[in-house]
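Contents: one structure, followed by commentary.
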Amino acid sequence: ARLSAPIKPTLEQANVRLTVGAFVMLSTCALFAGALVANAYTHVWWIGAPAGVIAALVPYLVVRQIRARRIQRFEEQFPEAIDLISRAMRAGHAFATGLKMAADELPPPVGTEFRSLYELQNYGAQLPDALREFASRFPSLDARFFVTAVLTQRETGGNLAEVLDRLSAVMRERFKIKREVRVRSAHGRITAYVLAG
């Protein structure tokens, strides 16, 4: 259980169709393969151990990279999902209907995550519990903001559609600033990579 605790959420967030056991087996095979290849090429036994460890880390690093890209796509699509829910509520639909529309009309990964959220509350879970599960399942700060905004509105009242509109505007502005920072820092980062190389 201790071994699978950090691995299982990473595999789920990366949407990789591997069980924890299969992933551990893959890493173990990579460990022995790396050690055997290094030993065969160098004929120095003590080089095989670090080479095997490095090879065993490759599957985990690949999954982490897939996870990071999926989270990035989710955060880029998330403001559109919030806008869709807001428009649905302005048209007179319930919040749960807005979740279903986001699940049906948006591409993965955001559509997939909203489908899980909708099905969880549709099959009997209380909406606050389903929202908290949604926020804990996907490590996105925007998802936590969304859940906090909805739960706060349910406790204090107010116009949820207006709150969601403001939230999506803040998210888009943050992405705009983030992209601008990346563009302005591109020269310095490339220079650093060249010097490091």
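The basis for the numbers below is simple: all heavy atoms, side chains too, and nothing from hydrogens, waters or symmetry mates.
Of all heavy-atom pairs between T112 and P108, the closest is OG1-CB, 3.3 Å. Taking every heavy atom of both residues into account, G34 and A51 meet most closely at O-CB, 3.9 Å. When all heavy atoms of G98 and A88 are compared, the closest pair comes out as CA-CB, 4.0 Å.
Judged as a side chain to side chain donor-acceptor pair (under 3.5 Å), and not counting sequence neighbours, the contacts of E180 are R184.
At a threshold of 4.5 Å between side-chain heavy atoms, the hydrophobic network of Ile, Leu, Val, Met, Phe, Trp and Tyr places V58 and I66 in one connected group. Linking ILVMFWY residues whenever their side-chain heavy atoms come closer than 4.5 Å, directly or via other members, leaves L57 and V24 in distinct clusters. At a threshold of 4.5 Å between side-chain heavy atoms, the hydrophobic network of Ile, Leu, Val, Met, Phe, Trp and Tyr places L164 and V170 in two separate groups. Note on Y118 and L160: same hydrophobic cluster, where clusters join Ile, Leu, Val, Met, Phe, Trp and Tyr whose side-chain heavy atoms are under 4.5 Å apart, directly or indirectly.
When the shell of 6.0 Å around CZ of R189 is examined, it contains more than 12 heavy atoms from other residues, nucleotides or ligands. Within 6.0 Å of atom CZ in R174, more than 12 heavy atoms from other residues, nucleotides or ligands are found, so the atom counts as buried in its surroundings. Residue R90 places its CZ atom among more than 12 non-hydrogen atoms of other residues, nucleotides or ligands, all under 6.0 Å distant.
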- [ ] Verify side chain to side chain contact (heavy atoms under 4.5 Å, CB included) between I85 and F114, making sure each step is shown before the conclusion.
- [x] CA-CA 11 Å; I85 296 170; F114 271 101; 3.7 Å; yes
Task: Stepwise ring pair (Phe, Tyr, Trp, His ring centres under 6.0 Å) check, F74 with F78 - done: CA-CA 6 Å; F74 176 89; F78 199 56; 5.1 Å; yes
- [ ] Run the numbers on L120 and F134 for side chain to side chain contact (heavy atoms under 4.5 Å, CB included), then give the verdict.
- [x] CA-CA 9 Å; L120 187 62; F134 172 77; over 6 Å; no
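Proximity of a side-chain donor or acceptor of T152 to a complementary backbone N or O of A149 within less than 3.5 Å is not detected. Listed for the Q77 side chain is a donor-acceptor partner under 3.5 Å among the backbone atoms of V110.
Distance CG/L84 to CE/M89: 12.0 Å, rounded to 0.5 Å. Rounding to the nearest 0.5 Å gives a distance of 11.0 Å between CG of L99 and CG of D104. If you take CD on E133 and CZ on R137, they are separated by 5.5 Å, rounding to the nearest 0.5 Å. The CZ atom of F145 sits 9.0 Å away from atom OG of S140, with the distance rounded to the nearest 0.5 Å. How far OG1 of T10 is from CZ of R67: 5.5 Å, rounded to the nearest 0.5 Å. Taking CD1 of I82 as the reference point, atom CG of D142 lies at 7.0 Å (rounded to 0.5 Å).
Ion pairing between a basic and an acidic side chain is recognised when a charged N comes within 4.0 Å of a carboxylate O; D165 and R87 show no such pairing. Taking the charged nitrogens against the carboxylate oxygens, R172 and D83 do have a contact shorter than 4.0 Å, which makes a salt bridge.
For the salt bridge (charged side-chain N to carboxylate O under 4.0 Å, His left out) criterion with R70, the lone passing option out of E75, E76, E12, E113 is E113.
Within the hydrophobic cluster formed by Ile, Leu, Val, Met, Phe, Trp and Tyr side chains joined at under 4.5 Å, directly or through other members, V181 is accompanied by I177.
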